Novice: 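My questions all concern the structure below.
Protein chains get the first letters and strands the later ones, always in sequence-line order, with residue 1 at the start of each. Reckoned from all heavy atoms, side chains included, excluding hydrogens, waters and symmetry mates. As the structure is a prediction and not an experimental result, all values here were calculated from the model.
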Amino acid sequence: MSGLAKVVSHRLFWPIVMLLVLFAINLVAFPGFFTITVRDGQLFGSLIDILRNGAPTLIIAVGMTLVIATRGIDLSVGAVAAISGAVACSIILGSPEPGNLATVAVAVAVALLISLVLGVWNGFLVAVLGIQPIIATLILMTAGRGVAMLITEGQILTVNSPPFKFLGSGFWFGVPVAVVIAAVVFGIAALVTRRTALGMLIESVGINPEASRQAGLRARGLLFAVYTFCALCAAIAGLILTANTAAADANNTGLFIELDAILAVVIGGTSLAGGRYTLFGTLVGALVIQTLVTTVYTVGIPPIATMVFKAAVVTIVCLLQSPTTAASISGFRRRLAARAGKGLAAS
Amino acid sequence: MSNVTSENTAVPRSPVVEMRGISIGFPGVKALDGVDFRMFPGEVHSLMGENGAGKSTLIKALTGVYGIDAGTITLSGAQVSFSGPAQAQAAGISTVYQEVNLLPNLSVAENIMLGREPRRFGGIGWRAMRRRSAELLAGLGLDVDPGSLLGDHSLAVQQLIAIARAIDVNAKVLILDEPTSSLDADEVAELFRVIRSLRDQDVAILFVSHFLDQVYEICDRLTVLRNGTLVGEYLVEELLRIDLVQKMIGKELTTLDDLEQRAHAVVVDESDAATFVSASKLGRRGAINPADLPIAAGEVVGLAGLLGSGRTEFARLLGGIDRADTGELTIRGETVRLRTPRQAIARRIAFSSENRRDEGIVGDLTVRDNIVLALQADRGWFRPIPKKKQDELAQSYIQALNIRPGNPDALVRNLSGGNQQKVLLARWLAIAPRLLILDEPTRGIDIGAKAEIQKLVFNLAENGMSVLFISAELEEVLRLSHRVVVLRDRHVVADLENDGLTVDSLLTLIADGRVASDDEALAEIEPTPTTQGGTR
Amino acid sequence: MTELLDAPRRTDGRTPRPPHGPAGTGGRRPGWSGSSGSALARFGSAALGLLTSPKYGPVTVTAVLFVAVFVVGGIRYRGFFSGQVFLNLFVDNAYLIVLAVGMTFVILTGGIDLSVGAVVALSGMIAASLLQTGWSPAVVIPLILVLTSVLGLLVGLMIHVFKVQPFIATLAAMFLARGLCYVISQSSISIVEPTFVQLAVSRIPLGGGLSVTPSVIIALAVVALAVWVLHATRFGRTVYAIGGGEQSGLLMGLPVARTKVLVYVISGFCSGLAGVLFTFYTLSGYPLTAVGTELDAIAAVVIGGTLLTGGYGFVLGSVLGVLVLGVIQTIITFEGTLSSWWTKIFIGALLLVFIILQKVLTSRRR
């Protein structure tokens with residue numbers, strides 16, 4: 001196999017090509033695309049915007065990657081994001097000193113703790129009761145927004161708390177805080193799953209549950225771990241989203257973000273059938289989605305129509321991954337080879 | 001499709017089905033190689049063979065599930081070529097599969113009639129449908145309400161309903177694939193009554209079963225396959241059971257010279273080799289009747305028996321793969337009930353499944369990951385085996401077991417069967433087991449790898465490891481085992497020191513459940529659940 | 001309740017047997033087995049048999065639940081026990097009934113359709129924008145139904161031919177439909193076309209001061225048609241067969257492939273029709289409308305007794321499911337102090353209860 005063929009057959013080849021094409025389109029439409037300027041010690045530019053706006057999706061997609069690797073899915077992340085935002089904002093609003101750092105710390109801690117409970121709940125339904133993941137998490141997806149509204153009492157909670165706002169739109173050594181948080185979550189996930197045996201065991205359960213059971217793996221604990229981690233990621237993303245607008249909107253915080261996250265995972269080359277996963281692929285996938293949104297914007301299409309493009313991307317990726325496509329391509333190759341063979345024999 | 005022309009065969013009655021020179025290949029395997037097969041009307045025919053003999057492939061070729069690479073199929077004198085089960089069924093070949101292929105969520109009447117249901121006003125004629133299915137059920141002597149849900153009936157009744165469906169298409173040929181595997185004695189009798197009445201209506205019936213007694217009770221003629229080739233066609237009344245078993249199992253053609261020295265029973269002296277593990281009255285309903293089995297340290301115990309005899313089922317209980325519902329295990333004096341494989345592994349019992357693909361390898365992981373998997377699972381995820389240690393483990397097993405390719409980063413699914421098997425062995429050896437249970441470790445792998453694995457078992461036992469070895473090849477069992485336990489129809493029927501045992505004496509036990517009368521020195525065990533295993 | 005349902009009825013009036021079959025399970029239910037002479041015991045075991053059957057169990061619970069909630073509402077609130085309150089359950093939820101019918105077909109095969117809410121919004125947008133430019137409703141409505149059916153067809157082909165998971169394929173359709181909504185217009189378009197408005201506001205009197213909208217009649221017609229199709233046609237039985245075991249259905253010679261694609265066409269058609277009915281209700285098209293409606297439809301189907309793994313369930317059960325959701329909404333309105341978000345929490349809780357009930361019923365069978 002030639003070097004080129006090896007590169008093309010790498011599973012990150014197409015996602016990266018997709019990202020580069022999007023970059024190229026942007027560059028044509030907006031020559032200053034790659035320019036990053038420093039203003040008041042803070043970084044600005046289109047790329048920075050992509051990173052910052054894509055951070056919540058990336059954070060959730062990291063958790064989602066691990067869930068999908070176990071043959072699961074978590075539809076409730078949007079609702080969990082809404083709940084955590086609602087919890088944090090209501091605590092900050094209820095405190096006499098909303099601007100106090102300690103208040104914000106408590107609010108964030110409580111929001112994250114509650115998300116852990118929600119994650120354990122999902123894990124319980126999947127691992128102990130054995131309910132299909134898509135169904136199990138559908139319950140929280142439905143009820144979760146109601147719970148979030150219960151917490152906000154149906155209002156959009158606007159908070160005036162600089163430390164909280166810092167989470168969403170602040171800068172840390174010139175880098176947007178959201179990007180820093182995303183990098184930390186990504187780094188921890190990569191480190192924990194690849195430096196310990198967690199990643200391998202998760203993949204093993206996703207690839208062949210029965211063989212894993214016979215090898216002595218405890219799938220139950222792993223499932224609890226991934227669903228809890230995914231809920232935690234969702235809560236972190238929810239806090240960033242809420243802090244960014246300084247308002248908790250139970251209806252719209254994290255709306256459709258579960259779909260973006262799943263999309264990022266799929267584009268990144270992790271199969272929805274479970275098994276081998278790549279966090280780096282998910283990173284690329286999240287960037288592709290966010291760049292797509294930005295591109296649609298820079299090219300001058302109403303930004304709201306990005307969903308049509310997302311639909312196209314999902315469809316193309318699914319069709320490329322489809323066994324039917326693989327079979328027809330290999331059939332085509334075989335026919336080609338057969339024809340070549342015949343030609344050889346004839347000559 | 002074929003280049004073989006069908007000839008007229010000179011038999012008194014002309015066969016309803018005649019298959020000639022059937023060959024079917026799958027990637028890497030030749031599943032059937034030039035097999036001939038025929039069935040006569042009004043006759044119960046049995047297809048016999050061990051795992052991988054090609055029985056189910058032949059049936060699927062006949063029912064149009066698989067296309068054939070070479071050969072011809074003739075039905076009632078006309079050559080046919082089916083492109084799917086529906087076509088075969090329309091031509092009069094009906095199949096009742098082992099796992100009842102009916103719909104538990106629909107009514108009995110629908111399960112019998114759907115696909116060719118009576119019509120009324122553009123919809124289904126429910127009344128006609130119920131009436132017709134009631135007639136069919138009555139014809140089989142079954143008292144079942146056609147309107148009831150199929151899932152509300154026992155498996156035996158479902159099986160008979162499946163037969164009712166099959167004969168409604170005016171079947172010339174009825175194929176019953178292991179119909180009795182989950183039935184009790186009364187239910188089998190009921191089934192046989194139905195089979196006989198169909199036979200008397202001139203239907204040709206293909207009856208596939210692991211139970212020799214049943215084959216001898218109901219069948220007129222049988223065909224034996226082995227490793228995808230035809231061994232022969234025989235009249236049941238003219239074939240002794242022992243000959244049948246011998247034909248099914250066959251003699252291994254290649255002798256492995258370097259393993260000529262046979263493991264002798266004297267190696268283990270009862271006084272100083274403590275019993276490592278001992279099963280007492282260990283059993284599971286529908287899988288294996290309660291049985292005892294002591295295994296000493298450093299002892300190789302062979303399990304012999306046909307497929308479906310309970311050999312795998314028993315081993316799975318010992319390995320904690322399935323939960324026993326009676327009896328218990330004593331491991332080094334401690335009495336335990338294994339509930340999960342994890343508990344077995346914690347006690348250093350390793351079970352290597354015969355189903356390499358579904359229960360063994362984790363295909364998309366690397367050779368290294370597969371080797372360390374059980375060890376890592378035992379340690380827990382937060383105590384990772386250091387990368388360096390993993391590489392050492394992988395390298396040493398790759399060398400010791402001669403795993404090819406020797407690249408620890410290769411994905412296991414890309415390895416050959418024999419090398420996958422060696423990776424699995426490495427996985428289990430890595431946890432340093434005290435008891436290694438090997439279920440058909442040499443099946444479907446090449447002869448070189450086979451010899452290596454046999455040698456390995458031998459060496460492991462020399463070093464004090466207990467091994468429970470299961471194989472369909474009796475020579476292999478005899479060559480490696482200190483003791484041989486024989487199973488038949490889910491009972492342990494004999495537990496013998498491997499001292500002067502021969503393939504023939506084992507064959508007799510497997511076929512008849514007792515040794516030949518001139519050989520009474522060894523055992524005289526009846527296949528009853530309570531008295532087995534006592535000869536030791 | 002069960003005799004309303006669209007499955008072959010037992011002719012002999014026997015109750016379903018306990019799930020373990022006739023042999024060897026008598027001892028599993030101490031208390032009932034010994035007292036076969038007592039009428040109470042017989043009634044008890046009949047009721048237990050009904051409840052433990054995966055076919056009738058969940059829908060029986062739903063029926064009891066609906067009656068109970070309605071009675072509680074009647075006792076608590078003045079004016080709750082009126083015929084019009086009951087009829088309004090249909091008036092307010094006509095579109096959801098149609099959606100649930102389509103979803104029932106899909107879920108019976110073991111699939112799922114996440115695109116229905118977005119397709120409802122899309123058909124509203126198409127209707128509003130085309131009517132605005134002067135098209136006749138007689139053209140617009142059939143056009144919508146054709147378009148949404150074609151969308152369903154594409155989804156079905158993606159699922160069947162390319163083996164894409166239903167969840168992901170319908171997700172793509174959902175994105176597409178929502179996106180197209182925004183492409184049509186980013187803001188609300190109201191409908192003033194006289195025929196359309198006439199259809200929307202007219203009431204059909206039922207006597208005694210009661211009335212329903214034409215939408216209710218359409219929805220009930222769809223339900224009746226669906227009951228007939230599922231109960232009495234080969235296509236309908238194949239839908240059940242796919243849910244019970246696709247492989248078995250294939251071996252029985254049933255048209256599995258065609259049916260698997262067609263259920264998504266039906267769901268697409270129903271979503272389009274539901275969109276039209278919803279537009280009658282709102283008289284406008286708005287891109288962000290009906291977000292999350294797919295969850296309501298799925299919840300109604302599940303609460304109505306259809307197993308999410310497919311194979312068991314009834315269209316009339318789904319209608320009952322919609323009514324349960326509707327009556328909860330009504331109670332929350334009557335209560336006044338309870339806020340609307342409780343609806344979602346109640347739906348989630350009900351969903352949980354019914355999913356666990358399904359799990360218990362199906363795992364006991366094996």
Novice: Under a 4.5 Å cut-off applied to non-hydrogen side-chain atoms, are A/L58 and A/Q290 in contact?
Specialist: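 The answer is no; the side chains never approach within 4.5 Å.
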Novice: Answer yes or no: is there a donor N or O on one side and an acceptor on the other, between the side chain of C/T289 and the main chain of C/G285, under 3.5 Å?
Specialist: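 Not a single qualifying donor-acceptor pair exists.
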Novice: Are side-chain N/O atoms of A/T253 and A/T242 paired as donor and acceptor at under 3.5 Å?
Specialist: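 Absent: no donor and acceptor within the cut-off.
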Novice: Considering only heavy atoms from C-beta outward, does the side chain of A/I257 approach that of A/L241 to under 4.5 Å?
Specialist: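 SC-SC contact between A/I257 and A/L241 confirmed.
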Novice: Shortest non-hydrogen contact from C/G111 to C/Y264?
Specialist: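 Nearest pair, atom of C/G111 first, then C/Y264: CA-OH, 3.5 Å.
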Novice: Quick one: which of A/L150, A/T315, A/I73, A/V313 has the most heavy-atom pairs under 4.5 Å with chain C, could you say?
Specialist: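 Among the listed options, the one with the most contacts to chain C is A/L150.
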Novice: Evaluate the side-chain proximity of C/L176 to C/M174: yes if any heavy-atom separation is below 4.5 Å, no if none is.
Specialist: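 No. Closest side-chain heavy atoms not under 4.5 Å.
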Novice: Shorter than 4.5 Å, heavy atoms on both sides: which option in C/I355, C/L352, C/I356 has the most such pairs with chain A?
Specialist: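 Most heavy-atom pairs under 4.5 Å with chain A: C/L352.
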Novice: Less than 4.5 Å to any heavy atom of chain C: does that hold for the side chain of A/L129, its backbone, both, or neither?
Specialist: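 When you check distances to chain C, atoms from both the backbone and side chain of A/L129 fall under 4.5 Å.
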Novice: Between C/L288, C/L114, C/I112, C/V161, which residue shows the highest count of heavy-atom pairs closer than 4.5 Å to chain A?
Specialist: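 Ranked by heavy-atom pairs under 4.5 Å with chain A, first place is C/V161.
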Novice: Do the non-hydrogen side-chain atoms of A/F309 and A/V293 ever get within less than 4.5 Å of each other?
Specialist: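 In short, these two side chains do not touch, never coming nearer than 4.5 Å.
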Novice: Tell me whether A/R71 contacts the main-chain N or O of A/G274 through its side chain, where contact means a donor paired with an acceptor under 3.5 Å.
Specialist: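 Not at all, since once roles are kept as given, no pair shorter than 3.5 Å links the two residues.
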Novice: Taking atom OG1 of C/T259 and atom CZ of C/F105, what is their separation to the nearest 0.5 Å?
Specialist: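 That separation rounds to 11.0 Å.
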Novice: For the interface with chain C, which of A/L255, A/L125, A/L259, A/I262 has the highest count of heavy-atom pairs at distances below 4.5 Å?
Specialist: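 Ranked by heavy-atom pairs under 4.5 Å with chain C, first place is A/L259.
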Novice: Pull out the residues in residues 137-147 of chain A that come under 4.5 Å of chain C, heavy atom to heavy atom, sorted by number.
Specialist: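 Answer by number: A/L138, A/I139, A/M141, A/T142, A/A143, A/R145, A/G146, A/V147.
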Novice: Is the shortest side-chain heavy-atom distance between C/V324 and C/T62 below 4.5 Å?
Specialist: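 Contact flag for C/V324/C/T62 side chains = yes.
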Novice: Checking A/T270 side chain against A/T278 main chain: does a donor-acceptor pair fall under 3.5 Å?
Specialist: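 Between the backbone of A/T278 and the side chain of A/T270 there is a qualifying donor-acceptor contact (under 3.5 Å).
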Novice: Within residues 296-310 of chain C, which positions have a heavy-atom distance to chain A below 4.5 Å?
Specialist: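 Within residues 296-310 of chain C, the residues that come under 4.5 Å of chain A (heavy atoms only) are C/I298, C/L308, C/T309.
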Novice: So, do C/E294 and C/D113 sit near enough that their side-chain heavy atoms are less than 4.5 Å apart?
Specialist: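 A side-chain contact under 4.5 Å is absent here.
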Novice: Only pairs of heavy atoms separated by less than 4.5 Å count here; which of A/A136, A/A250, A/G130 has the most with chain C?
Specialist: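 Among the listed options, the one with the most contacts to chain C is A/G130.
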